[in-house]
Amino acid sequence: MPAPTVTVLSYHRIALPSNPDLADSLIDAYPSDFEDQMRYLAAHYNVVSSWDLLRALQEGSARPSRAVVITFDDGYLCFKEAAMPVLRRLGLPVTLFVATHLVGTPGGLFWWGELHRALNRTALPEIDVQGLGTLPLRTAAEKQLAFGRLVPFLERLQQDTADALLHRTVQSCGVPPNQEKYLLDWEDLRELEAEGVAIGPHTRHHPILAQTSPERITSETAGSWFDLRAKLQRPLPLFCYPNGQAHAVNAAAVRAVRAAGLAGAFTTVPGLNVIGRTDPYLMWRIGSSAGESLRHFAIKL
C-alpha cells in the first residue's frame, strides 16, 4: 500500500480585488469561493490540525484518510473578517502564522505592501531602479507590471541590499505613510486564540531568510517565537518560512528553526506530506488561486 499523505492548504488573503493599497496577487480566494471550498472540505475530507500532522510525521502513524490541514500566512485583517466566520460555522481547525513585529503596528504593511501602495498611489510617470532600469508608471497596467518585476527582483537580493533599495524606491514615490489597519493586532490574535485558532511564528519582519545573514536569521526565527510566547497563552511551536519557496529557504534557516526549539516548519513548495518520509521542518503546502473553480480546487486536492 502507498504511504498515507496529508494535504496542507495555504492561504493569505480572502477578499475581492477592490483595495488599491494591497496587491491582488495575495488574494487566494474570493469570499464566496472560499466558503464553497471550505464546505467541500467539510463534506468530503477530514480536516485536522497542523499539530496532528506534525505528530503523524514524527511518529510515522497514519492520520484519518483524506486528511487536510488549513493554514493562513501573514495575519491580514480579512482572516478575522472573511475567513474566520466560515471556519467557525463549519467547525474547521485552522493555523495562522504571523510576523510579530508587524502585529499591532499602526498602519503596518509588509514590505511588498509598502511597495505596491507607493507605486499605485504615486504621481510619478516613471521610476529608476538600480538593476532594472526605468520602469514606467503612467497607467495602472504599467504600475502593476513594475510591481510584478520589482518583487521577485528584491527577493533575490541580499536582504540588506533589498531593504535599502526598497526604502529608496518607496521614498522616491512621494506617497504619505499608510494609516489604514490592514493587519491583525494583538487583541485580535488573543480573541482568535481563545476561539481555538493555532497561531505560530512567521519571523518578525518577513525577510527572505536565504538572503539574510546568520545573525538575522536567528533573531527573526527565535525572536518571533519569543514574541508569541510573551503575548499569547498557547502559541503554536510550528514555524512558517517567509515566501517558503525553494529559493527562500536554506539549511541555515532550517537549523535556526530547530535551534529556536520549534517542532517543525512549513514551506510553500507544492506537494503532499507523506507519513514516514516528509521532513517535519520542510512540510509542503498547496496554494490556491483567486477565481479558480470548485472543480479545479477538488482536482488539486
Side-chain angles (χ1 to χ4, degrees), residues 12 20-23 25-26 73-76 97-138 142-180 182-183 201-224 226-227 239-257 268:
H12 295 83
D21 287 342
L22 303 179
S25 57
L26 267 290
D73 293 1
D74 299 341
Y76 284 98
F97 294 103
V98 296
T100 54
H101 271 203
L102 288 166
V103 176
T105 299
L109 286 171
F110 288 93
W111 65 265
W112 61 86
E114 291 184 16
L115 178 63
H116 183 273
R117 183 176 180 276
L119 293 174
N120 201 46
R121 288 178 174 265
T122 188
L124 295 177
E126 60 186 28
I127 191 170
D128 292 320
V129 178
Q130 184 179 0
L132 288 179
T134 301
L135 302 177
L137 301 172
R138 293 176 179 84
E142 287 180 342
K143 291 177 177 183
Q144 290 304 310
L145 182 61
F147 178 75
R149 292 187 63 190
L150 271 161
V151 168
F153 179 72
L154 289 166
E155 286 180 344
R156 286 164 174 79
L157 296 176
Q158 287 297 310
Q159 193 63 52
D160 289 345
T161 303
D163 289 344
L165 180 56
L166 173 71
H167 179 75
R168 291 197 303 270
T169 303
V170 170
Q171 289 295 108
S172 68
C173 288
V175 175
N178 174 55
Q179 301 296 324
E180 297 295 324
Y182 292 129
L183 303 176
H202 194 32
T203 70
R204 282 177 158 168
H205 303 91
H206 206 285
I208 304 299
L209 293 178
Q211 302 294 346
T212 304
S213 69
E215 295 78 15
R216 187 170 176 188
I217 291 175
T218 297
S219 69
E220 290 284 348
T221 53
S224 62
F226 175 87
D227 295 340
F239 188 78
C240 177
Y241 300 104
N243 181 283
Q245 294 294 320
H247 73 272
V249 181
N250 59 7
V254 176
R255 288 195 298 270
V257 173
T268 56

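Sequential numbering from 1 along the given sequence is applied to the chain's residues.
- Under the 4.5 Å side-chain criterion, counting only non-hydrogen atoms from C-beta, Lys143 is in contact with Leu137.
- Taking CG of Asn120 as the reference point, atom SG of Cys173 lies at 10.5 Å (rounded to 0.5 Å).
- The shortest heavy-atom contact between Ala118 and Val175 is O-CG2, 3.6 Å.
- Inter-residue side-chain proximity for Val151 and Trp111 is flagged as met; some heavy-atom pair is nearer than 4.5 Å.
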Please evaluate residues Trp112 and Leu154 with respect to the criterion side-chain contact (heavy atoms from CB on, under 4.5 Å), reporting the C-alpha separation (whole Å), side-chain torsions for both, the decisive distance (0.1 Å), and the verdict. CA-CA 9 Å; Trp112 61 86; Leu154 289 166; over 6 Å; no

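- Taking the side chain as every heavy atom from C-beta outward, Thr100 and Pro201 never approach each other to under 4.5 Å.
- Annotation for His247: atom NE2 counts as buried by contact number, over 12 foreign heavy atoms lying within 6.0 Å.
- Leu22 contributes atom CG, which lies 5.5 Å from atom OH of Tyr182 (distance to the nearest 0.5 angstrom).
- Without hydrogens or angle criteria, Asn178 side chain to Gly107 main chain gives a donor-acceptor distance under 3.5 Å.
- When all heavy atoms are compared, the tightest approach of Glu114 to Leu109 is OE2-O, 3.8 Å.
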Step by step, would you call Leu119 with Leu135 a side-chain contact (heavy atoms from CB on, under 4.5 Å)? CA-CA 10 Å; Leu119 293 174; Leu135 302 177; over 6 Å; no

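- At a threshold of 4.5 Å between non-hydrogen side-chain atoms, the residues Thr122 and Ile127 do not count as touching.
- Residues Asp21 and His116 come closest through the heavy atom pair O-ND1, 3.1 Å.
- Inspection of the His206 and Glu220 side chains reveals no N or O donor paired with an N or O acceptor under 3.5 Å.
- The two residues Ser172 and Leu124 have their closest heavy-atom pair at O-CD1, 3.2 Å.
- Tyr241 has its side chain out of reach of Thr203: every pair of non-hydrogen atoms, C-beta onward, lies at least 4.5 Å apart.
- Atom CG of Asn243 and atom CZ of Arg156 lie 7.5 Å apart (nearest 0.5 Å).
- The closest side-chain heavy-atom distance from Leu183 to Phe110 is below 4.5 Å.
- Considering all non-hydrogen atoms of both residues, Gly131 and Phe153 come closest at CA-CZ, 3.9 Å.
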side-chain contact (heavy atoms from CB on, under 4.5 Å) between Leu157 and Gln211, intermediate numbers included: CA-CA 7 Å; Leu157 296 176; Gln211 302 294 346; over 6 Å; no

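- Between the CG atom in Leu165 and the CD atom in Gln130 there is a gap of 7.0 Å [rounded to 0.5 Å].
- Counting heavy atoms from C-beta outward, Asp163 and Gln159 have side chains that approach closer than 4.5 Å.
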